[in-house]
Number of protein chains: 2
Amino acid sequence: MNVATDGTAQGRWIIFSRGPEHSLTLHLSAFVRLASADREILTQALQRRVRILEPRQDIIREGERPRFVNVILEGWAQRYKQLADGRRQILSFFIAGDLCDANIFILKQMDHSLSTVTRVKLAEISQSEFQEIMERSPRIAQALWWNELVTVAIQREWTTNIGQRTAYERIAHLFCEMFVRLRTTGRTDDDECEFPLTQSEIAEATGLTQVHVNRTIQEMRRDQLIELRNKRLKVFDLDRLMSVALFNPNYLHLDHEGLA
Amino acid sequence: MNVATDGTAQGRWIIFSRGPEHSLTLHLSAFVRLASADREILTQALQRRVRILEPRQDIIREGERPRFVNVILEGWAQRYKQLADGRRQILSFFIAGDLCDANIFILKQMDHSLSTVTRVKLAEISQSEFQEIMERSPRIAQALWWNELVTVAIQREWTTNIGQRTAYERIAHLFCEMFVRLRTTGRTDDDECEFPLTQSEIAEATGLTQVHVNRTIQEMRRDQLIELRNKRLKVFDLDRLMSVALFNPNYLHLDHEGLA
DNA sequence: TCGCTACATTCACATGCGTTAATCCTGAGT
DNA sequence: ACTCAGGATTAACGCATGTGAATGTAGCGA
């Protein structure tokens, strides 16, 4: 696949492309316009250690010591957290181009877990590599701050989502967020996008039960809001979906200088 | 008040002290041991622009352009977010020593609001001052990253709290978090601490209604878990409170090198 | 084709929490 | 002491969402 040099397809996400030679080229064309030297630095970093993981597999678990910054190159991944008695909350989703935790080695141990949703291709960046990148390019260092600020903003929105919205609104909001993020990185096809989550996973992400998610999605289908099957989501009218979800994309902070 | 040079009282929070001459001295003795030069830099930055705000007053509102990093010197403040129809979610609380949003100027506009809970004394740090600090002291810059990582971790815990815990557990968890954070900064008195929130505010922070918060707190009182009146919280048995809340303090990341 | 297995769907019933709206405190100011 | 206002408390009632468990369905390997 190729990528994202026009306004539409740029975003917070670090997006990559395969050139004709199938080598990865990284664009942290997020937030700042990076010089080609910066791009080169990132491209290098992403090639050093690449792994492929099967679906529903842990990347790192709560309590473990973080050793790498993970960058998702293909597929969906997620953060989650489990209470002592097993209840599980999904905290966020990662899609291609997302950087999991800049500077995570500063923390002694993970307070949550990372796992794949689909089959995932990711790049691991070691602490020393990471520090070198930050030192060599202040632009990238600033882009990483920006990335982190957006990450917190998304987490705040999720808190609000679960705390204030009804089941119907919550699920609609999740659809909006993922659709917009995928579109920003050029991964939508008109009014459709991939959506590899099971209803149980939607439930764990929204603080609902799987049964109620099922009921609610059927209601959304009846309302002609969406279609969801075979791991694909179709949004008939995004404005309407955003409206019923009380979705305000401001928290994604897509209004940065990287955009046209 | 004086502060926090021993292990117990150090924490993630940037704590300050009044010397005998009533001048502020800042300790970002969080996470890293700072050199006295670093301390001096921070002390300076915190003296330049100090404001006092009355209770329940906005500091900055969603949509506005951020101009300062705010550091809380005294009192409690909060983040909140409001949906288009008025529903409000409180997203986190700040206590003395907390730094609101490092590098916030990177974002074009606020995606949430900041307001006081009690009367608050805060220091504003401008963009240029802030950048200068980061450049002059890499130790501080790293401490700021650490601070940001803990901020996201707390937000994740709040998401989990609202998504998975029952009303009783949620409120207990909030009590635990604030008690532990206050204790870490030396602001508890044995088994008691200040707790200036109204039941309505507890409700907005936990995604419950004020009526149900009231019911639940009475139940906690009957269970001899806590006492709460006159804006003071008494915790009879912190271990038991943590246990019913399924509270695991790992997300506060207090196990850093700054600690003895 | 059979029979897994993982999901999605349905059903009957229970309940935790929300809603609305009085009424009751308590502390601060006069 | 008296008053007032902002909380806290109580009550009656409703509903959104949870629980537990059965049934349906589609893909996939043997």
Side-chain angles (χ1 to χ4, degrees), chain A residues 54-57 76 83 85-90 115-119 161-174 194-223 226-233 244, chain B residues 54-57 76 83 85-90 115-119 161-174 194-223 226-233 244:
Chain A
E54 292 307 304
R56 277 77 188 179
Q57 211 182 324
W76 286 35
L83 300 188
D85 63 3
R87 278 174 278 177
R88 193 168 95 123
Q89 176 68 42
I90 293 176
S115 77
T116 63
V117 173
T118 64
R119 167 180 262 252
N161 199 31
I162 298 176
Q164 298 299 322
R165 286 188 255 259
T166 65
Y168 195 98
E169 292 163 350
R170 275 184 230 183
I171 296 173
H173 192 276
L174 176 63
E194 54 185 315
F195 203 87
L197 306 178
T198 65
Q199 293 186 354
S200 290
E201 287 165 331
I202 297 176
E204 291 177 311
T206 52
L208 299 165
T209 58
Q210 179 257 9
V211 171
H212 198 62
V213 166
N214 183 277
R215 285 195 277 251
T216 307
I217 287 183
Q218 287 180 54
E219 202 183 335
M220 298 177 70
R221 287 193 188 111
R222 274 198 299 282
D223 295 346
I226 55 132
E227 213 171 279
L228 178 60
R229 49 179 234 268
N230 290 332
K231 310 292 172 202
R232 289 199 65 80
L233 171 69
V244 312
Chain B
E54 292 306 304
R56 276 74 189 182
Q57 212 181 321
W76 286 35
L83 300 188
D85 64 2
R87 278 174 276 176
R88 194 168 93 123
Q89 176 70 42
I90 292 176
S115 76
T116 63
V117 173
T118 63
R119 169 182 261 253
N161 198 32
I162 298 176
Q164 298 300 322
R165 286 189 254 258
T166 65
Y168 195 99
E169 293 162 351
R170 274 182 230 183
I171 296 174
H173 192 277
L174 176 63
E194 55 185 313
F195 203 87
L197 305 179
T198 65
Q199 294 185 353
S200 291
E201 286 165 331
I202 296 176
E204 289 177 314
T206 51
L208 299 165
T209 57
Q210 178 257 9
V211 172
H212 198 62
V213 166
N214 182 277
R215 286 195 277 251
T216 307
I217 287 183
Q218 286 180 55
E219 203 182 334
M220 298 177 72
R221 287 193 188 112
R222 273 198 299 281
D223 296 346
I226 54 132
E227 213 172 279
L228 177 60
R229 49 179 236 267
N230 290 332
K231 309 292 172 201
R232 289 199 65 81
L233 171 68
V244 311

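Per chain, numbering begins at 1; letters A, B, ... match sequence-line order.
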- prompt: Can you find an N or O donor on one side and an acceptor on the other, under 3.5 Å apart, linking the side chain of R215(B) with the base of dG18(C)?
  reply: yes
Take the protein atom [atom1] of [X] and the nucleotide atom [atom2] of [N], then report the distance between them rounded to whole Å.
X: R165(B); N: dT17(D); atom1: CZ; atom2: C1'; result: 20 Å
X: N214(B); N: dG7(D); atom1: CG; atom2: C1'; result: 10 Å
X: I202(B); N: dC17(C); atom1: CD1; atom2: P; result: 16 Å
X: N230(A); N: dA6(C); atom1: CG; atom2: C1'; result: 14 Å
X: E219(B); N: dA8(D); atom1: CD; atom2: C1'; result: 17 Å
X: L208(A); N: dA16(D); atom1: CG; atom2: P; result: 14 Å
X: Q164(A); N: dT17(D); atom1: CD; atom2: P; result: 13 Å
X: E227(A); N: dA8(C); atom1: CD; atom2: P; result: 15 Å

Of the listed nucleotides ([options]), which one gets closest to any side-chain atom of [X]?
X: R221(B); options: dT9(C), dT17(D), dT9(D); value: dT9(D)
X: H212(B); options: dC17(C), dG18(D), dA8(D); value: dC17(C)
X: Q218(B); options: dG7(D), dA8(C), dT10(D); value: dT10(D)
X: V211(B); options: dT17(D), dA11(D), dT10(C); value: dA11(D)

message: With a 6.0 Å cut-off (strictly less than), is the heavy-atom count around CZ of R119(A), excluding the residue itself, greater than 12?
response: no
task: On DNA chain D, check which nucleotide each of Q210(A) and I217(B) is closest to and give me the residue with the more 5' one.
output: I217(B)
task: Taking the side chain as every heavy atom from C-beta outward, state whether V244(A) and D223(A) have any atom pair closer than 4.5 Å.
output: no
query: Side chains of T206(B) and Q89(B): does their closest heavy-atom pair fall under 4.5 Å?
result: no
- prompt: Looking for any heavy atom pair under 4.0 Å, which part of the strands does T209(B) touch: base, sugar-phosphate only, or nothing?
  reply: base
- prompt: Hey, are Q210(A) and N214(A) close enough side-chain-wise for a donor-acceptor pair under 3.5 Å?
  reply: no
query: Can you tell me how far CD of E204(B) sits from CD of E201(B), rounded to the nearest 0.5 angstrom?
result: 7.0 Å
